[in-house]
Amino acid sequence: MDFSVKKLASDAGVFFSRAVQFTQENLGQAEKTELDAHFENLLTRADNTKNWTEKILRQTEVLLQPSPSARVEEFLYEKLDRKIPSRVTTAELLGQYMTEAANDFGPSTPYGQTLIKVGETQKHLGTAERDFIHSSSINFLTPLRNFLEGDWKTISKERRILQNRRLDLDACKARLKKAKAAEAKAALEGDALPDFQETRPRNYILSASASALWSDEVDKAEHELRVAQTEFDRQAEVTRLLLEGISSTHVNHLRCLHEFAEAQATYFAQSYQYMVDLQKQLGRFPAPVVGNTDPASPPLSTSPPPATLPVLQVASSNPGEVPLNPVEVPPPVSGTRKARVLYDYEAADSKELSLSADELITVYSLPGLDPDWLIGERGNKKGKVPVTYLELLS
């Protein structure tokens, strides 16, 4: 118990001495030991690394999980060291709703068929998104969190210790400076009793001369200064090594950043391919008939029907038979029309023509050709094109 009280008193004295030194430094009443320029640069780089890592981590979490409530839930599961439950992505949920709607409306109807195809694509997109989130969480977010919760906490702890060692060193310098000033003053004025208020209280033999007492005080202050300097230098070296390790942290984060970019590129490439496949599938579906089956109801529109494309008459030995390769049939002398391409389209085979959005092509029809397809020409290239990708011009 006696040891604990003494230790508590000693710790309180050290804390008070550091507080006084810190306050006097802020008020400009005490000198402060400055670190070298290289050390200051290391500290600045470490602080910047910590700040930007926090910002990148938070924004990446928002990118992967936009819902704030879901992020809070994942944070609580992580802190409780429990497995985060699997969560359905928004694209998967949309695909599920579309599939259920198709079954309700009738999977054999044009609308139902389209809902099924689009719903399946949405499910594929959701699966790709889930893989991207999982990969990014492991290969990118986890290393960033490990740095903030591990390496950075160690660096912060050692920096606080270094700050305390510096305050102790500067306090020792101040005591030595006061002791030397008092010793010089005593030597000039003769045997005067020492002013113990200028330094920390100590027990002295009052019968000794004041000069000798101040000489002892100077010796003790120099010894304490040497000890404080040694502890400060040792702690500065430990902190320096940790700060220089930030370079290794940057190398590790660089590797993780490459993995994140690769995972994101894979996700976008998969999503693009799924959408291209979906466009091809939708181009082969019969165009939905918009109208009203109730004869008593008025027509939906009073505008005249759109002009129809002229059909090129092709001679054939078998009436009603479509030529095997209609794209080889020469275009009619008259009756062709211009069309503007609405969306990009990639040809599925050599009989189709690839399209680019906003380009103009020449189109016409052939007997026996699927009504959802036309023959398109662009320069010396010719092939089948889906009507849904075109805007026919007058």
Practice item. List for me each residue that meets salt bridge (charged side-chain N to carboxylate O under 4.0 Å, His left out) alongside Glu158, sequence neighbours excluded, and say none if there are none. Key: none
**Study point:** Residues Glu54 and Lys50 bridged, charged N to O under 4.0 Å
**Key:** yes
Review point. How long is the span from the OH atom in Tyr272 to the CE atom in Met275, to the nearest 0.5 Å?
Key: 11.0 Å
**Study point:** Leu360 reachable from Tyr343 in the ILVMFWY side-chain graph, under 4.5 Å edges
**Key:** no
Review point. According to the ring-ring contact (aromatic ring centres under 6.0 Å, His included) rule, which pairs have a member within residues 145-183, sequence neighbours left out?
Key: Phe147-His253
**Study point:** Results of salt bridge (charged side-chain N to carboxylate O under 4.0 Å, His left out) for Glu391 - residues two or more places apart only
**Key:** Arg340
Exercise for review: Establish whether Leu64 and Leu93 are linked, either directly or via other cluster members, by ILVMFWY side-chain heavy-atom contacts under 4.5 Å.
Suggested key: no
Check your understanding: Under the 3.5 angstrom rule, does the side chain of Gln113 hit a backbone N or O of Pro110 as a donor-acceptor pair?
Key -> no
Revision key, fill the gap. For Asp358, the salt bridge (charged side-chain N to carboxylate O under 4.0 Å, His left out) test, sequence neighbours excluded, returns none
Review point. With hydrophobic residues grouped by side-chain heavy-atom distances under 4.5 Å, do Met98 and Phe105 end up in a single group?
Key: yes
Practice item. Determine yes or no for a side-chain-to-main-chain donor-acceptor pair under 3.5 angstrom, with Thr53 supplying the side chain and Thr49 the backbone. Key: yes
Exercise for review: Give a yes-or-no answer on whether the side chains of Glu352 and Tyr345 include a donor-acceptor pair shorter than 3.5 Å.
Suggested key: yes
Point to revise | Gln96 versus Thr99, side-chain donor and acceptor atoms under 3.5 Å | key: no
Review point. With a 4.5 Å heavy-atom cut-off, do Ile161 and Val238 have their side chains touching?
Key: no
Point to revise | Test side chain to side chain contact (heavy atoms under 4.5 Å, CB included) applied to His134 and Ile138, step by step | key: CA-CA 6 Å; His134 179 72; Ile138 294 177; 3.2 Å; yes
Point to revise | Pair Tyr274, Gln122: side-chain N/O donor-acceptor within cut-off below 3.5 Å | key: no
Check your understanding: To the nearest 0.5 Å, how far apart are CD1 in Ile246 and CG in Leu42?
Key -> 9.0 Å
Exercise for review: To the nearest 0.5 Å, tell me how far Leu115 CG sits from Asn103 CG.
Suggested key: 9.5 Å
Study note, to complete from the structure: For Gln279 and Asp344, the nearest pair of non-hydrogen atoms, with its separation, is OE1-O, 3.6 Å
Exercise for review: Using modelled atom types only, decide if a donor and an acceptor are shared between the side chain of Asn146 and the backbone of Thr142 within a distance under 3.5 Å.
Suggested key: yes
Study note, to complete from the structure: Closest heavy-atom pair, Lys180 versus Val218, reported as atoms and distance to 0.1 Å, is N-CG2, 3.9 Å
Exercise for review: Would you give the length of the straight line joining atom CG of Leu257 to atom CG of Asn139, rounded to the nearest 0.5 angstrom?
Suggested key: 12.0 Å
Review point. OG1 of Thr388 to CG of Leu342: how many Å apart, nearest 0.5 Å?
Key: 8.5 Å
Point to revise | Least distance between heavy atoms, Glu129 atom then Ala91 atom | key: OE1-CB, 4.4 Å
Exercise for review: Scan residues 248-277 for pairs that pass salt bridge (charged side-chain N to carboxylate O under 4.0 Å, His left out), counting only residues two or more places apart or in two chains.
Suggested key: Arg255-Glu259
Point to revise | Within-4.5 Å side-chain heavy-atom neighbours: Thr89 and Leu125 | key: no
Practice item. For Asp47 and Arg159, run salt bridge (charged side-chain N to carboxylate O under 4.0 Å, His left out): C-alpha distance rounded to whole Å, both residues' side-chain angles, the deciding distance at 0.1 Å, then the answer. Key: CA-CA 12 Å; Asp47 291 333; Arg159 287 178 65 176; 2.7 Å; yes
Review point. Can Asp170 and Arg165 be counted as an ion pair, charged N to O under 4.0 angstrom?
Key: no
Review point. Do Leu57 and Leu141 touch side chain to side chain, with heavy atoms closer than 4.5 Å?
Key: yes
Review point. Heavy atoms, side chains only, cut-off 4.5 Å: are Glu346 and Val276 in contact?
Key: yes
Point to revise | Within-4.5 Å side-chain heavy-atom neighbours: Leu162 and Phe39 | key: yes
**Study point:** From CA spacing to verdict: side chain to side chain contact (heavy atoms under 4.5 Å, CB included), Ile361, Lys338
**Key:** CA-CA 6 Å; Ile361 61 173; Lys338 291 291 185 180; over 6 Å; no
Review point. So, do Trp373 and Val363 sit near enough that their side-chain heavy atoms are less than 4.5 Å apart?
Key: no
Check your understanding: So, Thr362 and Arg378: side-chain donor and acceptor under 3.5 Å apart, yes or no?
Key -> no
Check your understanding: Can a salt bridge be assigned to the pair Arg145 and Glu61 using a cut-off of 4.0 Å between side-chain N and carboxylate O?
Key -> yes
Point to revise | Any Leu63 side-chain heavy atom under 4.5 Å of Gln264 side chain | key: yes
**Study point:** Shortest non-hydrogen contact from Lys153 toward Glu149
**Key:** CD-O, 3.2 Å
Practice item. Ignoring hydrogens and angles, tell me if any N or O in the side chain of Glu120 forms a donor-acceptor pair with the backbone of Lys117 under 3.5 Å. Key: no
Review point. So, Asn252 side chain and Ser248 main chain: donor-acceptor pair closer than 3.5 Å or not?
Key: no
**Study point:** Closest contact, heavy atoms only, Ala102 versus Ile116
**Key:** CB-CG1, 3.4 Å
**Study point:** Worked verdict on Lys173 versus Asp168 for salt bridge (charged side-chain N to carboxylate O under 4.0 Å, His left out)
**Key:** CA-CA 9 Å; Lys173 289 180 179 179; Asp168 294 341; over 6 Å; no
Review point. Could you go step by step and tell me if Leu278 and Val118 meet the side chain to side chain contact (heavy atoms under 4.5 Å, CB included) rule?
Key: CA-CA 7 Å; Leu278 176 62; Val118 176; 4.0 Å; yes
Practice item. Check the pair Tyr364 / Leu369 against side chain to side chain contact (heavy atoms under 4.5 Å, CB included), numbers first and verdict last. Key: CA-CA 11 Å; Tyr364 54 89; Leu369 186 65; over 6 Å; no
Exercise for review: Evaluate the criterion salt bridge (charged side-chain N to carboxylate O under 4.0 Å, His left out) for residue pair Arg130 and Glu92; output intermediate values, then yes/no.
Suggested key: CA-CA 10 Å; Arg130 183 194 302 274; Glu92 290 175 316; 2.5 Å; yes
Check your understanding: For the atom pair OG1 (Thr60) and CD1 (Ile133), what is the distance rounded to the nearest 0.5 Å?
Key -> 12.5 Å
**Study point:** Heavy-atom pair of closest approach, residues Cys256 and Pro143
**Key:** SG-CG, 3.4 Å
**Study point:** Any side-chain heavy-atom pair of Phe260 and Phe132 under 4.5 Å
**Key:** yes
Review point. If you group Ile, Leu, Val, Met, Phe, Trp and Tyr by side-chain heavy-atom gaps below 4.5 Å, do Leu167 and Leu35 land in one group?
Key: no
**Study point:** Listed partners of Phe268 passing ring pair (Phe, Tyr, Trp, His ring centres under 6.0 Å), at least two apart
**Key:** none
